[in-house]
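First the structure, in the form of structure tokens, and then the observations on it.
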Amino acid sequence: MDYNSPQVRIWQVVSQVPAGSVVTYGQVAAMAGLPNHARMVGSVLKQLPKGSKIPWHRVINSQGRISFNEGSSQYLLQQERLTTEGIEFDNERISLHRYQWQGGDES
DNA sequence: CCCGTGACGCCAC
DNA sequence: AGTGGCGCCACGG
């Protein structure tokens with residue numbers, strides 16, 4: 001396993017996002033050293049094994065919305081988890097201004 | 001190998 | 001605010 005592959009770096013970034021905060025796909029890509037590769041983040045998260053501890057639900061799109069189709073079981077699961085962590089939805093939208101994680105937590 | 005698809009993001013209308 | 005086009009690129013057929 002290549003511990004410096006794009007997917008591993010993406011996992012590492014997402015893993016650092018604290019409960020109660022969110023990050024956008026593009027932001028994760030940039031933080032992982034892959035600017036302009038937001039799509040890859042979605043692709044990587046999609047492949048996560050189902051029992052994964054990685055907090056994939058804290059990743060939303062740049063509009064502050066969940067990227068699954070509204071009403072899908074996945075959408076509901078993500079929304080449920082975020083709500084549980086204290087994140088508020090304003091008409092299906094999350095205020096990035098209030099919840100977006102700004103990193104700066106590096107060691 | 002070519003092509004459609006997609007958990008994206010930006011910008012132009 | 002909605003729609004469409006494009007850049008990006010991993011995946012599956």
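Lettering of chains follows the sequences in order, A, B, ..., and the numbering in each one begins at 1.
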Would you call [X] and [Y] a side-chain contact if the rule is heavy atoms closer than 4.5 Å?
X: A:V22; Y: A:L96; value: yes
X: A:V44; Y: A:W11; value: yes
X: A:V28; Y: A:V17; value: no
X: A:Q79; Y: A:I66; value: yes
X: A:Y99; Y: A:L82; value: no
X: A:R58; Y: A:E85; value: yes

With the threshold set at under 4.0 Å for non-hydrogen atoms, list the residues of residues 39-72 of chain A touching DNA chain C in residue-number order. A:R39, A:M40
Within this structure, what is the [atom1]-to-[atom2] distance between [X] and [N], rounded to whole angstrom?
X: A:I10; N: C:dC9; atom1: CD1; atom2: P; answer: 12 Å
X: A:R9; N: C:dA10; atom1: CZ; atom2: C1'; answer: 15 Å
X: A:Q100; N: B:dG9; atom1: CD; atom2: P; answer: 10 Å
X: A:M31; N: B:dC8; atom1: CE; atom2: P; answer: 19 Å
X: A:L34; N: B:dC8; atom1: CG; atom2: C1'; answer: 14 Å
X: A:N36; N: C:dA10; atom1: CG; atom2: P; answer: 14 Å

Which range-with-range stems can be found for DNA chain C when each stem has 3 or more Watson-Crick or G-U pairs in a row and both distances sit under 3.5 Å? B:2-6 with C:9-13, B:8-13 with C:2-7
Is the phosphate of C:dC9 approached by A:H37 (side-chain N or O, under 4.0 Å from OP1 or OP2)? yes
Can you name the nearest heavy-atom pair linking A:S15 to A:P55, along with the distance? CA-CD, 4.0 Å
Does A:Q78 use its side chain to pair, donor to acceptor, with the backbone of A:I60 at less than 3.5 Å? no
